[in-house]
Amino acid sequence: PAGWSGVILSMLSFLFFTDMGIYWIHRFLHHRLFYKRFHKPHHLWKIATPFASHAFHPVDGFMQSLPYHVYPFLFPLHKVTYLGLYIFVNVWTISIHDGDYRVPKILRHIINGAAHHTDHHLYFDYNYGQYFTLWDKIGGSYKSPSSFENKGPHDYLRKLREK
């Protein structure tokens, strides 16, 4: 009933709501009581690949999918918008694991891209967010990606090839 502005607003609120939920669930899965059993299979890749994006324990996958399924019960969301967001979420999840660090420079400290997630796989206690860096900054787990300082894994590989 709210037209296109309602659709756009619901998409944005979906992204912020699910980002918050995934941040806390993801951080919870890194707790020492749960990490080895449920989340470690995803972290077998120190340098993430697109294959790692969907390599996880079923409990891990279920837990991290909860915000996506809870949102439509709490807020209005058109079913076609939900389907489109489902596709977007899958593409985004693959993209933050692909090692391609292309995020516009002005958005690098706002958008949680592949550079942030690569450091998450390398250092474990940083950058738990899915789309944005907001909750990492609020929760004290934000780390500026090492690749932004030319100290990322691709930088080390480039230096090794030069030698």
Side-chain angles (χ1 to χ4, degrees), residues 2-31 34-35 37-104 106-139 141-145 147:
W4 283 108
S5 60
V7 171
I8 292 168
L9 182 63
S10 69
M11 290 169 62
L12 291 172
S13 66
F14 176 89
L15 292 176
F16 280 99
F17 176 88
T18 56
D19 190 53
M20 177 195 64
I22 287 182
Y23 171 82
W24 289 109
I25 292 167
H26 192 181
R27 192 164 181 169
F28 170 78
L29 287 166
H30 275 259
H31 188 278
F34 306 102
Y35 178 76
R37 181 161 180 138
F38 300 117
H39 195 58
K40 189 172 182 173
H42 177 72
H43 276 274
L44 292 177
W45 287 267
K46 299 295 179 213
I47 306 300
T49 71
F51 298 106
S53 67
H54 287 82
F56 42 76
H57 188 282
V59 171
D60 183 357
F62 175 78
M63 294 294 293
Q64 291 200 57
S65 74
L66 282 174
Y68 300 115
H69 303 302
V70 167
Y71 181 89
F73 288 100
L74 301 176
F75 307 101
L77 184 65
H78 191 278
K79 62 185 175 186
V80 175
T81 305
Y82 185 64
L83 179 61
L85 286 165
Y86 175 79
I87 293 166
F88 170 79
V89 165
N90 277 285
V91 170
W92 185 268
T93 301
I94 292 166
S95 77
I96 64 172
H97 288 88
D98 72 0
D100 189 0
Y101 303 151
R102 290 185 229 189
V103 172
I106 195 167
L107 298 175
R108 281 185 171 178
H109 295 288
I110 297 169
I111 302 294
N112 184 23
H116 294 85
H117 203 70
T118 296
D119 274 10
H120 171 73
H121 275 256
L122 288 171
Y123 305 113
F124 299 100
D125 295 331
Y126 302 100
N127 303 338
Y128 298 105
Q130 180 77 357
Y131 312 111
F132 308 107
T133 59
L134 174 66
W135 284 99
D136 282 300
K137 289 175 180 175
I138 291 170
S141 56
Y142 177 75
K143 178 185 181 308
S144 182
S147 64

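Note that the structure is predicted; figures quoted are calculated from it, not measured. Only heavy atoms go into these numbers, but all of them, side chains included; no hydrogens, no water, no symmetry mates.
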Name each donor-acceptor pair under 3.5 Å that joins a side chain in residues 73-82 to protein atoms two or more places apart or in another chain, with its distance.
residue, atom, partner, partner atom, Å
His78, ND1, Val80, N, 3.0
Tyr82, OH, Tyr68, O, 3.3
Tyr82, OH, His69, ND1, 3.0

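- Under the rule for a side chain to side chain contact (heavy atoms under 4.5 Å, CB included), the partners of Asn90 that lie at least two apart in sequence or sit in another chain are His54, Tyr86.
- When all heavy atoms of Ser144 and Asp119 are compared, the pair lying nearest together is O-OD2, 3.8 Å.
- Residues satisfying the side chain to side chain contact (heavy atoms under 4.5 Å, CB included) criterion with Ala48, sequence neighbours excluded, are His97, His121.
- Listed by first and then second residue, the side chain to side chain donor-acceptor pair (under 3.5 Å) pairs involving residues 58-67 are His39-Asp60, Asp60-Gln64 (not counting sequence neighbours).
- Relative ring orientation between Phe38 and His57 is described as perpendicular, the plane-to-plane angle rising above 60° on a 0-90° scale split at 30° and 60°.
- Applying the side chain to side chain contact (heavy atoms under 4.5 Å, CB included) criterion to Asn112, with sequence neighbours excluded, gives His116, Asn127, Thr133.
- Ring geometry for Trp135 versus Trp24: interplanar angle over 60°, hence perpendicular rather than tilted (30 to 60°).
- Residues Asp98 and Ala114 share a closest heavy-atom pair of OD1-CB, 3.9 Å.
- In this structure, the side chain to side chain contact (heavy atoms under 4.5 Å, CB included) partners of Ile111, at least two apart in sequence or on a different chain, are Trp92, Val103, Leu107, Phe132.
- When only modelled atom types and interatomic distance are considered, His43 and His120 share a side-chain donor-acceptor pair under 3.5 Å.
- Heavy atoms from other residues, nucleotides or ligands lying under 6.0 Å from CZ of Phe16 number 12 at most.
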